[in-house]
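Per chain, numbering begins at 1; letters A, B, ... match sequence-line order.
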2 protein chains.
Amino acid sequence: MTSRTPRPRERGIPEATVARLPVYLRALQALQERGTPTVSSEALAEAAGVNSAKLRKDLSHLGSYGTRGVGYEVEHLVHQISRELGLTQDWAVAIVGIGNLGRALANYGGFGTRGFRIEALLDADPAMVGQRVASLEVGHIDSLEEVVGSRGVSIGVITTPAEAAQAVATRFVEAGVGSILNFAPVVLNVPDGVDVRKVDLSIELQILAFHAQRRAAGDGQVAAAPGLELT
Amino acid sequence: MTSRTPRPRERGIPEATVARLPVYLRALQALQERGTPTVSSEALAEAAGVNSAKLRKDLSHLGSYGTRGVGYEVEHLVHQISRELGLTQDWAVAIVGIGNLGRALANYGGFGTRGFRIEALLDADPAMVGQRVASLEVGHIDSLEEVVGSRGVSIGVITTPAEAAQAVATRFVEAGVGSILNFAPVVLNVPDGVDVRKVDLSIELQILAFHAQRRAAGDGQVAAAPGLELT
DNA sequence: TATTGTGAAGCTATTCACAGCC
DNA sequence: GGCTGTGAATAGCTTCACAATA
């Protein structure tokens, strides 16, 4: 994960907490589906893969929604976290770059059980334009500004090749989009106040490789075969 | 991003630094292609989107590879960072779950300019098995253990539906895979010493929504149209 | 002179441990 | 008695600012 906080923070929830709220929410929704009425910090923490003190401190930033001796009311907490995350409104999303990845995202139905609507798919390739993907017609990138304005897009997703990403980001920003999720392997330059998050496959793999190498070096023997030497 | 450090850290590089090294590496490789021989911390930091003090401290963890008054030799630094990240060897990767996303990853050629080889694509769907994707034949998930063993897979990528992910992770671990990159929206349970990183689209969107809501609330007017109210 | 490498300071996040409350 | 909420302690990360040095 990587983030750029849009402003210093106004009387706010710590960034690290914000990043975990979605995880808690997902665990709570699972409990809700099973009809569980209340949950202890211990049990919820376990489901979310964090320790219970951290969970309690995180939740304390939202307010006092637990009951001592009992735990948290699942339904209520789902609502509070959803509200805090801004999921009680619907955010319009545009995806630019309809290659394999763009298509994968467009088809990915369950965006955290609602909160987001994919409103537009755009691509620069004329051959792509007009095709139907996930029951949307792919538009031409030239219509970006128009689409953002007319459909109230506030979150832009970039799945273009690296070379195109900065230009798309700039156009998004000038069109008024304040939140960008970038899958292209480049550092985007945006003005202050615009929030960019990036998802970068090769970075993740490289971090894994670092730890794997550590492990191999620390062990006496080479545990999980590291593969061919390449000089 | 999210990580689980495999062990406390053995005389090591801070986790936050490790997560940035791939970014520096990418910027350096771009400079290398343009034939730039040296770069200052200021310039490299700019390209990587961090401040220069942080960059210098990060690099200082690898050793003293700069020259005062001059900067860093690009070639040399590329080599040092690659080595530190374990990219001077080749890591065998298996992808399980060949849906839209699995296919997208399989076709994504430039894995950070080498270091990783996709060795196997596996799926549970018999209709999928035998198809060719990115010049590899999709195998059946039942062959996971055999494939991991015979091809020396040490990094497993999970792009299955949420329901299947934990079972796949467990099989990876039992087969000796110590590094897992998880795209499925679940918290994976793995033994200590196994390194899991997750990439989760809806979490990223939810974090963006949180900040977008903040921004909208802070402004007098609603800047970038937030979309429809939903109760 | 220009730029690195790094102690020291400041900030953020995590964990502990227990008082407070149901 | 059981579990939350939270101050205090600790650990980790970032930034400052400047001495060291090619």
Open item on the list: Please tell me whether A:Ser41 and A:Arg56 have a donor and an acceptor in their side chains that are separated by less than 3.5 angstrom.
Closed with: yes

Task: Between P of D:dC3 and CG of A:Leu55, the distance in whole Å - done: 14 Å

Open item on the list: Quick check for you: to the nearest 0.5 Å, what is the distance between B:Lys198 atom NZ and B:Ile203 atom CD1?
Closed with: 4.5 Å

- [ ] Write down the distance between NE2 (A:His61) and C1' (C:dT14), rounded to a whole number of angstrom.
- [x] 11 Å

Task: Whole angstrom value for the distance that separates C1' of D:dT6 from CG of A:Leu59 - done: 13 Å

Task: Interatomic distance, A:Leu44 CG vs D:dG2 C1' [rounded to whole Å] - done: 17 Å

Task: Integer-rounded Å distance: C:dG7 C1' and B:Lys54 NZ - done: 19 Å

Open item on the list: Taking only side-chain N and O atoms of B:Ser40, does any of them lie within less than 4.0 angstrom of OP1 or OP2 on C:dT3?
Closed with: no

Task: Value in whole Å for how far the C1' atom of D:dT14 lies from CD of A:Glu15 - done: 15 Å

Task: d(CG, A:Leu21; P, C:dA13) in whole Å - done: 13 Å

Task: Residues within residues 70-78 of chain B bordering DNA chain C, heavy-atom distance below 4.0 Å - done: B:Val70, B:Gly71, B:Tyr72

TODO: Would you mind reporting whether B:Tyr108 and A:Leu101 have side-chain heavy atoms less than 4.5 Å apart?
DONE: no

Task: A:Leu28 side chain near A:Ile81 side chain, heavy-atom distance below 4.5 Å - done: yes

Open item on the list: Rounded to the nearest 0.5 Å, what separates atom OG in B:Ser179 from atom CD1 in A:Ile207?
Closed with: 11.5 Å

Task: C:dG5 phosphate, OP1 or OP2, under 4.0 Å from B:Ser64 side-chain N/O - done: yes

Pick out the pairs of N or O atoms, protein on one side and nucleotides 16-21 of chain D on the other, that lie under 3.5 Å.
from: D:dA20; atom 1: N3; to: B:Arg68; atom 2: NH1; distance (Å): 2.6

Open item on the list: Without decimals, in angstroms, what is the distance between B:Asp58 CG and D:dT14 P?
Closed with: 7 Å

Open item on the list: Quiz question: by atom type and distance under 3.5 Å, do the side chains of B:Glu15 and A:His211 form a donor-acceptor pair?
Closed with: yes

TODO: May I ask you to say whether A:Arg26 pairs ionically with B:Asp200, meaning some side-chain N is under 4.0 Å from a carboxylate O?
DONE: yes

- [ ] Decide yes or no for A:Val96 and A:Val157: does some side-chain heavy atom of the first lie under 4.5 Å from some side-chain heavy atom of the second?
- [x] no

Task: Under-4.0 Å side-chain N/O to phosphate OP1/OP2 contact, B:Ser41 with C:dT4 - done: yes

Open item on the list: Please list all pairs meeting ring-ring contact (aromatic ring centres under 6.0 Å, His included) that have one or both residues in residues 23-73 of chain A, counting only residues at least two apart or in different chains.
Closed with: A:Tyr65-A:His76

